Amino acid sequence: MPERNKMDGEHARSASAEELAALLHHPEAEVLLGVLANPALEETHVCLLLERKNLPEEILEEIARRKVLLKSYRVKRALAFHPRAPRLISLRLLGDLYLMDLVQVAILPGVSAELKRNAEDQLLARLPQLPLGQKITLARRGPARVAGALLAEGHARVISIVLDNPYMTEAQVLRALAREKLPDSVIPAIVQHRKWSITYNVRLALVRHPAAPLATILSYLPELTVSDLRELAAPGIVPENLRKYLEAEVQRRIRAGEKTAGRSAPGNDAPASKHE
């Protein structure tokens, strides 16, 4: 059998372009290696070969070794996206991928966490040099970390789009709000957003933020827990002028709680007897 495979491999090296198309589906690695060594091999053949999800790892490694094949962006992309591509090969190819292909790596299910993280790192590294149009595209479809970075940048034409990004997470919004200095457009956009403006932890972060409007903060106070109000009222957390409102809200809650407790105490449920 090995001798037969060797003969088939030799035939694959000299097969015509028409024969190559059929050999791309051959199950034996020896034949596929012969196909890759064939002078008639074209970009289309390699891309069709890389559509096979069950390719042996040695075939993928052989494609990665052939610099002539990797001159084709289609081949490079197909190899980087292949589910069985060796880790180091995929990581090496990430730096050569176009912007939206990097986005695909970062958001596709089934891609390893390491590869996703590296794709996000590549996107973040390119972010400062990107023109506005590409930033808007990323704001719509980019992964969470990229969306968070765009939010923190606070570009007026990007911010409303990025807050609607389906991959945006509460953690990324909170990370932006943890920055003491933010572009002027960020806080109002979050305050007015239909989703993030009603998220409890985001409201809590807005109360802490020195740039949040006082009227907005005061509207949030009745919905915060007493424990959070007390924590925020501790010295050094918020400006002194806001502390008095927090302390007043805590006292209001305490009085309201005492009244409720008094109404529900035994003996207060019914009117007093005429004989008492």
Side-chain angles (χ1 to χ4, degrees), residues 5-138 140-143 145-146:
N5 291 343
K6 186 175 180 180
M7 290 174 61
D8 287 345
E10 290 173 357
H11 172 70
R13 285 179 178 84
S14 58
S16 66
E18 292 75 18
E19 289 177 302
L20 281 179
L23 291 172
L24 294 175
H25 305 285
H26 201 285
E28 299 296 335
E30 187 73 31
V31 175
L32 297 178
L33 289 171
V35 167
L36 292 175
N38 190 307
L41 187 72
E42 296 176 355
E43 176 193 77
T44 305
H45 293 130
V46 184
C47 291
L48 286 171
L49 182 62
L50 286 168
E51 287 181 7
R52 289 180 52 181
K53 305 305 180 189
N54 63 341
L55 277 181
E57 190 170 299
E58 63 184 298
I59 302 302
L60 296 165
E61 289 173 345
E62 183 62 25
I63 293 172
R65 273 194 292 267
R66 293 178 176 269
K67 294 181 180 180
V68 173
L69 297 181
L70 292 185
K71 286 181 179 179
S72 160
Y73 184 79
R74 285 180 61 206
V75 171
K76 194 180 292 184
R77 182 189 184 280
L79 181 56
F81 275 73
H82 199 283
R84 299 185 70 177
R87 166 182 165 272
L88 291 178
I89 290 173
S90 294
L91 289 173
R92 190 179 79 222
L93 293 173
L94 281 183
D96 296 330
L97 294 183
Y98 295 153
L99 189 75
M100 294 316 295
D101 285 333
L102 276 175
V103 170
Q104 286 295 100
V105 173
I107 65 177
L108 276 177
V111 176
S112 72
E114 181 186 23
L115 209 57
K116 284 178 181 286
R117 183 84 181 182
N118 274 271
E120 289 174 357
D121 289 342
Q122 292 277 347
L123 289 165
L124 291 170
R126 297 183 194 183
L127 210 53
Q129 289 78 41
L130 292 181
L132 178 60
Q134 287 187 318
K135 287 187 177 184
I136 290 173
T137 300
L138 276 181
R140 288 195 179 96
R141 298 171 53 192
R145 287 174 65 209
V146 176

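Everything quoted here is computed from the prediction, not taken from an experiment.
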Can you give each donor-acceptor pair under 3.5 Å made by side-chain atoms of residues 99-107, sequence neighbours left out, with the distance rounded to 0.1 Å?
| from | atom 1 | to | atom 2 | distance (Å) |
| --- | --- | --- | --- | --- |
| Asp101 | OD1 | Arg77 | NE | 2.8 |
| Asp101 | OD1 | Arg77 | NH2 | 3.4 |
| Asp101 | OD2 | Tyr73 | OH | 2.6 |
| Asp101 | OD2 | Arg77 | NE | 3.3 |

- Among Leu50, Thr44, Val68, Leu49, side chain to side chain contact (heavy atoms under 4.5 Å, CB included) partner for Val75: Leu50
- Item | Verdict with reasoning, Val35 to His45, per side chain to side chain contact (heavy atoms under 4.5 Å, CB included) | CA-CA 9 Å; Val35 167; His45 293 130; 5.8 Å; no
Roughly how far, to the nearest 0.5 Å, is the [atom2] atom of [Y] from the [atom1] atom of [X]?
{"X": "His11", "Y": "Glu19", "atom1": "NE2", "atom2": "CD", "result": "4.0 Å"}
{"X": "Glu120", "Y": "Leu94", "atom1": "CD", "atom2": "CG", "result": "11.0 Å"}
{"X": "Leu41", "Y": "Arg13", "atom1": "CG", "atom2": "CZ", "result": "12.5 Å"}
{"X": "Gln122", "Y": "Leu91", "atom1": "CD", "atom2": "CG", "result": "9.5 Å"}
{"X": "Ile136", "Y": "Gln134", "atom1": "CD1", "atom2": "CD", "result": "11.0 Å"}
{"X": "Lys135", "Y": "Arg140", "atom1": "NZ", "atom2": "CZ", "result": "15.0 Å"}

Close side-chain approach of [X] and [Y], heavy atoms under 4.5 Å:
{"X": "Leu20", "Y": "Glu42", "result": "no"}
{"X": "Asn118", "Y": "Glu114", "result": "yes"}
{"X": "Leu23", "Y": "Asn38", "result": "no"}

- Message: Taking NZ in Lys71 as the centre, count heavy atoms belonging to other residues, nucleotides or ligands within less than 6.0 Å. Is the count above 12?
- Response: no
- Item | Any residue meeting salt bridge (Lys or Arg N to Asp or Glu O under 4.0 Å) with Glu62, in chain and number order, not counting sequence neighbours | Arg65, Arg66
On a heavy-atom basis, which atom in [X] and which in [Y] lie closest, and how many Å separate them?
{"X": "Val146", "Y": "Leu124", "result": "CA-CD2, 4.0 Å"}
{"X": "Pro56", "Y": "Leu32", "result": "CD-CD1, 4.4 Å"}
{"X": "Glu43", "Y": "Ser72", "result": "OE2-OG, 2.6 Å"}
{"X": "Ala29", "Y": "Glu58", "result": "CB-OE2, 3.5 Å"}
{"X": "Leu93", "Y": "Lys76", "result": "CD2-CG, 3.5 Å"}
{"X": "Ile89", "Y": "Ala64", "result": "CD1-CB, 3.5 Å"}

- Under the 3.5 angstrom rule, does the side chain of Lys116 hit a backbone N or O of Leu108 as a donor-acceptor pair? yes
- Query: Can you tell me if His25 uses its side chain to pair, donor with acceptor, with the backbone of Ala22 under 3.5 Å?
  - Reply: no
- Query: Can you check side chain to side chain contact (heavy atoms under 4.5 Å, CB included) on Arg87 and Leu115, steps first, answer last?
  - Reply: CA-CA 8 Å; Arg87 166 182 165 272; Leu115 209 57; over 6 Å; no
- Test side chain to side chain contact (heavy atoms under 4.5 Å, CB included) applied to Arg52 and Leu24, step by step: CA-CA 9 Å; Arg52 289 180 52 181; Leu24 294 175; 5.8 Å; no
